[in-house]
Amino acid sequence: MKLVVAEKPSVMRDIAAVLGATTRNSDGALCGNGYMVTSARGHLVRLKEPNEYDEKYKKWELADLPIIPVFQLVPIESAADVLCTLENLMNSSDIDEIIEATDAGREGECIFRYIYDYIGCTKPVTRLWISSMTEASIRAGFDSLKPVSDYDKLYNAGFTRSKIDWLWGMNLTRLYTNCFGTKCSIGRVRTAVLNMLVMRENEIKGFTKHPFYKIKLDNGAEWFDDEQDSFEDKSIAERKADKCRNQPCKVVYMNAQPKKENRPLLFSLTSLQIAANDELGFSAAKTLAIMQSLYEKKLLTYPRTDSNYLTDDMAAVLPERVRMLDCFEDMSAAVEWLTNEGLNIDSRIINNSKASDHHAIIPTENIGNAVNMELSSDEKDVLSLVLNRFVVALSPQHEYTEIEYIFDIAGEQFKCKTKTTTKIGWRRFVKPDDKEKDKIGSLSYSEGEIFDVKKISVTTGETKPPQRFTESSLLKAMENIDRRIEDKELSEYVSERGLGTPATRAAIIEKIIADGYAERDGKKITPTATGITLISLIPDEVKSIEMTAAMELQLAAIQNGTVSTDDVINSITNRIKAIIESEKSKEHTRVVNPKAAGVKAPLGKCPKCGGAVYKYVRDNKAVFYCENAPKSCFFRVYEDDYFFLSKGKKLTEGTLKTMLSKGEVKISGLKSEKTGKTYDALVSFTDRTDKNGNAKVGFVMRFDDKPKKGGR
């Protein structure tokens, strides 16, 4: 029998339905037609934390750095039961082959292989690699399963990335926490992104505004000469304006140029997150979650893609995919127009060399089902963005005539440009912004023509500082980080990839905010006093984008097979050792107020030591921890603790607050794993230990004031 291991239960059910595996066994797997289909729940295994290698690391001592372990994997506490089930299934004598069906990407590869390696499985493995969850895509994937060895380099890059992030984060977080006397959370990528926020804030605060003055005609033309187009002295501008008033205006130059404007590319994850932030105000994390839901509902293709292009074999399906949109009331006119005009399928759509592991985001062949689905308003909004971009990207080019005029009045020159649309093309589906509207005019002059100007005015303007980052502009900056790097090799490398990956950029931003180093102010993201202080204290080699880009270049070399994982790890380890030795020799300023501005208020008092309990987000999941952890307290619980997940719930911030203040909380609608029925219970904390004997916090429930047996 073949065991199929999916990443999530929903994907397990979709695959099982296609394979005809409809009988559920005692382990929750779906069986039939020679297949057994099961699932993980995301990551089940993680790298050990320092104190799990040696008890002495529970205390953050400068003398113990650097910590360079022989890396080992351990189960994630909240997922131990799921891992145990997978271990039994994968090592079962009934299974002779395993099909890896986790998400087709670097993270999905790591999820499966961590599990496979940790439980010591030796069964042969093949890889299911698909870009959508439709029946046709799943069937095609099973018809062309890949050797798992095809993805060894991808896994090596992913596992190495985890190791260097561990080494960098664990060592430098402890180093600077000791140096400055307050928690300093350091990350390989997120500290570089925080540095970008702080640098922008410093530019804004250091900016000095200066007024300037322009001379404008009533037709929109502005004064200029060979050196400038404005004045710092208003009196000079007024004198020139007075010189021109009541004088004839002559058209001394007129040039009309036919031009074409290419349509936007199809969406990658990052460009979709940017559009959703600009148009809907959604955070990058929210957009990713919605995209994941639409992917699992088989309406859109794989979300975590960095590509804006499709592959050659997809060209043939595009006309039919467009016609499928006719079932949407607000898309039928667009479909009719585009079909009549003809689809523009060229190298801006099809480009094998620029389609990476996954192609651009487009609707699947099941898109018509969305009409009868109960989608949330947010899902409808994101789906609308993708469908509109799909139509726009396949539309003809926008064609227009740009006319440049230069006028002469009393020896002074004025110029303006106007646009006249000759073929609307893709802009039929895009509202022009204010700047675009300003360029669209109805001026019509002939060269040599003389006319009277009704009004000449002097307008006042002011130089503006750089704008604070929005989530949209920060994502753009992370994607186009090459523009900030002087090193040519690094710049060329990251020009295709950016800082972080499409799948991690949202989590990076959320982690910076959760750490209290930045905050949202409407759409804007600004560094807090805490974040500014941290960046001011740490050296460039720890916070520079060049450092992060260089590491990404090394990871790419692993994935390309041009460098070994050991070489990269050794290189990073040596750099960490050098930083630690350098900092140990310095005298550091102690930060007096560790709860500086920007740190969110605690949720309550720790039931173990009385310290403050805070919330942060890791891998898009909330973690609640005591301020004294992990040095002298073991209180740390997760929103996806298995106790809650197994009962159809999550540990929310509100639930935890009540438990911290009252000791227990009543929860309604808990679901029985065996019967599926719901019930209410009182839930409180309990002490437990993991299989290594480490103290942990668990949960127990009771009914009618009687403890329930078997609680975790």
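For reference, positions follow the sequence shown, starting with 1. Please read these numbers as outputs of a predicted model, since none were measured by experiment. When reading the values below, keep in mind they use all heavy atoms of this one structure, side chains included, and skip hydrogens, waters and symmetry mates.
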### Task
With the side chain counted from C-beta on, respond yes when Arg41 and Asp640 share a heavy-atom pair under 4.5 Å apart, and no when they do not.
no
### Message
Classify the ring geometry of Tyr114 against His43: parallel below 30°, tilted from 30° to 60°, perpendicular beyond 60°.
### Response
tilted
### Distance (rounded to the nearest 0.5 Å) between Arg304 CZ and Arg106 CZ
13.0 Å
### Message
Is there a side chain to side chain contact (heavy atoms under 4.5 Å, CB included) between Lys608 and Val697? Walk through the geometry before answering.
### Response
CA-CA 9 Å; Lys608 301 302 168 189; Val697 175; 4.3 Å; yes
### Summary
Heavy atoms of Gln292 and Pro303 approach each other most closely as OE1-CG, 3.6 Å
### Message
For the NZ atom on Lys584, are there more than 12 heavy atoms of other groups (residues, nucleotides or ligands in this structure) within a distance under 6.0 Å?
### Response
yes
#### Entry: Donor-acceptor contact below 3.5 Å, side chain Thr301 vs main chain Ile362
yes
### Query
For residues Thr311 and Asp313, is any side-chain donor paired with an opposing acceptor at under 3.5 Å?
yes
### Task
Using the salt bridge (Lys or Arg N to Asp or Glu O under 4.0 Å) rule, take Glu77 and Arg46 through it: C-alpha gap first, then chi angles, then the decisive distance, then the call.
CA-CA 10 Å; Glu77 293 87 341; Arg46 60 170 174 79; 3.1 Å; yes
### Stepwise salt bridge (Lys or Arg N to Asp or Glu O under 4.0 Å) check, Asp64 with Lys59
CA-CA 9 Å; Asp64 291 332; Lys59 293 184 177 180; over 6 Å; no
### Summary
Heavy atoms of Pro124 and Asp96 approach each other most closely as CG-O, 3.4 Å
### Message
Determine whether His359 and Thr305 satisfy the following criterion, side chain to side chain contact (heavy atoms under 4.5 Å, CB included), listing intermediate values before the conclusion.
### Response
CA-CA 7 Å; His359 55 69; Thr305 176; 5.9 Å; no
### Distance, nearest 0.5 Å, that separates OG of Ser564 from CG of Asn570
7.5 Å
### Query
Any side-chain heavy atom of Trp166 sitting closer than 4.5 Å to one from Pro69?
yes
### Task
Please answer whether the main-chain N or O of Val568 pairs with a side-chain N or O of Gln554 as donor and acceptor at a distance below 3.5 Å.
no
### Query
What are the two closest heavy atoms between Glu479 and Ser268, and how far apart are they?
OE2-OG, 4.1 Å
### Query
Would you say Asp94 and Met36 make side-chain contact, with heavy atoms under 4.5 Å?
no
### Message
For a side chain to side chain contact (heavy atoms under 4.5 Å, CB included) check, start with the C-alpha distance between Phe643 and Val683, then their side-chain angles and the critical distance, and finish with the verdict.
### Response
CA-CA 10 Å; Phe643 175 88; Val683 178; 3.7 Å; yes
### Task
Output yes when a side-chain donor or acceptor of Thr38 lies under 3.5 Å from a complementary backbone atom of Ala29, and no otherwise.
no
### Query
Can you list the steps and then say if Ser137 with Thr134 is a side-chain hydrogen bond (donor to acceptor under 3.5 Å, both in side chains)?
CA-CA 5 Å; Ser137 180; Thr134 65; 4.6 Å; no
### Pro75 vs Leu44 side-chain heavy atoms within contact, under 4.5 Å
no
### Task
Could you grab the distance from atom CZ of Phe142 to atom CD1 of Ile130, nearest 0.5 Å is fine?
7.5 Å
### Message
Any non-hydrogen side-chain atom of Ile579 less than 4.5 Å from a side-chain atom of Asn171?
### Response
no
### Task
If the plane angle is over 60° it's perpendicular, under 30° parallel, otherwise tilted; pick one for Tyr625 and Tyr614.
tilted
### Query
Thr173 and Ile186: which non-hydrogen atoms are nearest, and at how many Å?
OG1-N, 3.0 Å
### Query
Can you tell me if Asp641 uses its side chain to pair, donor with acceptor, with the backbone of Gly698 under 3.5 Å?
no
### Message
Just so I know, are the side chains of Tyr116 and Glu100 near enough to count as touching, which here means a heavy-atom distance under 4.5 Å?
### Response
no
### Message
Could you check whether Arg702 pairs with Glu664 (Lys NZ or Arg NE/NH1/NH2 to Asp/Glu carboxylate O, under 4.0 Å)?
### Response
yes
### Derivation of the side chain to side chain contact (heavy atoms under 4.5 Å, CB included) call for Phe159 and Arg113
CA-CA 9 Å; Phe159 197 15; Arg113 299 223 195 178; over 6 Å; no
### Query
Using 4.0 Å as the upper bound for N to carboxylate O, is an ion pair formed by Asp515 and Lys183?
no
### Message
So, taking the atom named NZ in Lys543 and the one named CG in Leu194, what distance separates them when rounded to the nearest 0.5 Å?
### Response
9.5 Å
### Query
Would a distance-only check, ignoring hydrogens and angles, find a side-chain to backbone donor-acceptor pair under 3.5 Å from Tyr35 to Gly20?
no
#### Entry: Whether Tyr53 side chain and Gln72 backbone form a donor-acceptor pair below 3.5 Å
yes
### Query
Of the non-hydrogen atoms in Ile558 and Ala157, which two are nearest, and what is the gap between them?
CG2-N, 3.6 Å
### Task
Work out which heavy atom in Asn25 is nearest to a heavy atom in Cys31; give both atom names and the distance.
ND2-SG, 3.7 Å
### Message
Is it the case that the side chain of Thr102 and the backbone of Gly108 share a donor-acceptor pair, with hydrogens and angles ignored and the cut-off at 3.5 Å?
### Response
yes
### Query
Do Arg161 and Glu107 meet the salt-bridge criterion of a basic N to acidic O distance under 4.0 Å?
yes
### Message
Could you tell me if Tyr176 and Glu583 have a donor-acceptor pair between their side chains, going purely by distance under 3.5 Å?
### Response
yes
### Query
Is any side-chain heavy atom of Met551 less than 4.5 Å from a side-chain heavy atom of Val189?
no
### Test item: side-chain donor near acceptor, Arg190 and Ser185, under 3.5 Å
yes
### Task
Drop me the distance from Leu167's CG to Leu47's CG, to the nearest 0.5 angstrom.
9.0 Å
### Task
Answer yes or no: is there a side-chain heavy-atom contact under 4.5 Å between Leu83 and Tyr118?
yes
### Leu651 backbone acceptor or donor facing Thr655 side chain under 3.5 Å
no
### Message
Is it the case that the side chain of Thr548 and the backbone of Ala192 share a donor-acceptor pair, with hydrogens and angles ignored and the cut-off at 3.5 Å?
### Response
no
### Message
Taking the ring of Phe685 and the ring of Phe635, is the distance between their centroids below 6.0 Å?
### Response
yes
### Task
Indicate, with yes or no, if the rings of Tyr155 and Tyr151 have centres closer together than 6.0 Å.
no
### Query
CG/Leu175 to CD1/Ile576 distance, rounded to the nearest 0.5 angstrom?
10.5 Å
#### Entry: Lys/Arg-Asp/Glu bridge criterion (N-O < 4.0 Å) met for Glu109, Arg127
yes
### Message
Looking at Glu49 and Arg636, is there a salt bridge between them, counting it only when a charged N and a carboxylate O are closer than 4.0 Å?
### Response
yes
### Query
Is there a donor-acceptor contact under 3.5 Å from the side chain of Lys123 to the main chain of Met90?
yes
